[in-house]
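We're numbering straight along the sequence, starting at 1.
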Amino acid sequence: QVQLVESGGGLVQSGGSLRLSCAASERTFSSYAMGWFRQAPGKAREFVAALSWSGGVTNYADSVKGRFSISRDNAKNTAYLQMNSLKPEDTAVYYCAARGRISRPTYVYTGRADYDYWGQGTQVTVSS
């Protein structure tokens, strides 16, 4: 069972930046496609960003494109979400996810059902 632990959330002013980290417990992390999702109060969990297990392909929700960046460091079994130019509407609990099933090396996955493992979430609050 893969365990994912997010960190890096917090309170930031509008226009600020945060970097979220997602540490995985498995050495096979390098073979997992990764994703970040978020859930605001009263709303469904939504896709934010995805990264292929090869690390070479990314995909972003339109609402964060150009502001957020997903990356991974396989040596550290860690995925990251760099968030710049934050807006109040980015306020949510952010979850990282890992796909344990066989994945194409250059494919990215944007659906919740595409992922097998989830972290506990980290709160991001952006004040106006």
Answer yes or no for Arg72 and Tyr32: cation-pi contact, defined as NZ/CZ to six-membered ring centre under 6.0 Å and angle to ring axis within 45°.
-> no
According to a 4.5 Å side-chain heavy-atom criterion applied to Ile, Leu, Val, Met, Phe, Trp and Tyr, with indirect links allowed, do Leu4 and Val93 form part of one hydrophobic cluster?
-> no
Compare every heavy atom of Ala24 with every heavy atom of Phe29, then report the nearest pair and how far apart it is.
-> CD1-CB, 3.5 Å
Just by distance, do the side chain of Arg67 and the backbone of Ser85 share a donor-acceptor pair under 3.5 Å?
-> yes
Going by heavy atoms in the side chains, are Gln1 and Tyr117 under 4.5 Å from each other?
-> yes
Would you say the side chain of Val64 lies within less than 4.5 Å of the side chain of Arg38, judging by non-hydrogen atoms?
-> yes
Backbone of Asn74 reached by a side-chain donor or acceptor of Ser30 within 3.5 Å = no
Gap between atom CZ of Arg99 and atom CE of Met34 - 0.5 Å precision = 13.0 Å
Do the side chains of Phe68 and Trp36 get nearer than 4.5 Å, heavy atoms only?
-> no
Gap separating the CD atom of Gln39 from the CD atom of Gln123, nearest 0.5 angstrom = 11.0 Å
Test item: Ser54 and Tyr107 side chains (from C-beta on) under 4.5 Å apart, heavy atoms = no
Within 45 degrees of the axis of the six-membered ring of Phe37 and under 6.0 Å from its centre: does Arg112 put its NZ or CZ there?
-> no
May I ask you to test the Met83-Val124 pair for a side-chain heavy-atom distance under 4.5 Å?
-> yes
Between Ser17 and Asn84, the two heavy atoms sitting closest are OG-OD1, 2.9 Å
For Val12 and Leu18, work out which heavy atoms get closest and say how close.
-> CG1-CD1, 4.0 Å
Between the side chain of Glu6 and the main-chain N/O of Leu20, is any donor-acceptor distance below 3.5 Å?
-> no
Find out whether Tyr60 and Ile70 are in side-chain contact, i.e. whether some heavy atom of one side chain is under 4.5 Å from a heavy atom of the other.
-> yes
Ala49 to Leu81 - nearest heavy-atom pair and separation = CB-CD1, 4.0 Å
Shared hydrophobic cluster, Tyr94 / Tyr80 (ILVMFWY, side-chain heavy atoms < 4.5 Å) = no
Could you tell me whether Asp62 and Lys65 make a salt bridge, using a distance below 4.0 angstrom between a side-chain N and a carboxylate O?
-> yes
Could you tell me whether the side chain of Ser21 and the main chain of Arg19 form a donor-acceptor pair under 3.5 Å?
-> no
Any idea which heavy atoms bring Thr91 and Ala40 closest together, and the distance?
-> O-CB, 3.7 Å
Examine distances only and state if a side-chain atom of Asp114 and a backbone atom of Tyr109 form a donor-acceptor pair shorter than 3.5 Å.
-> no
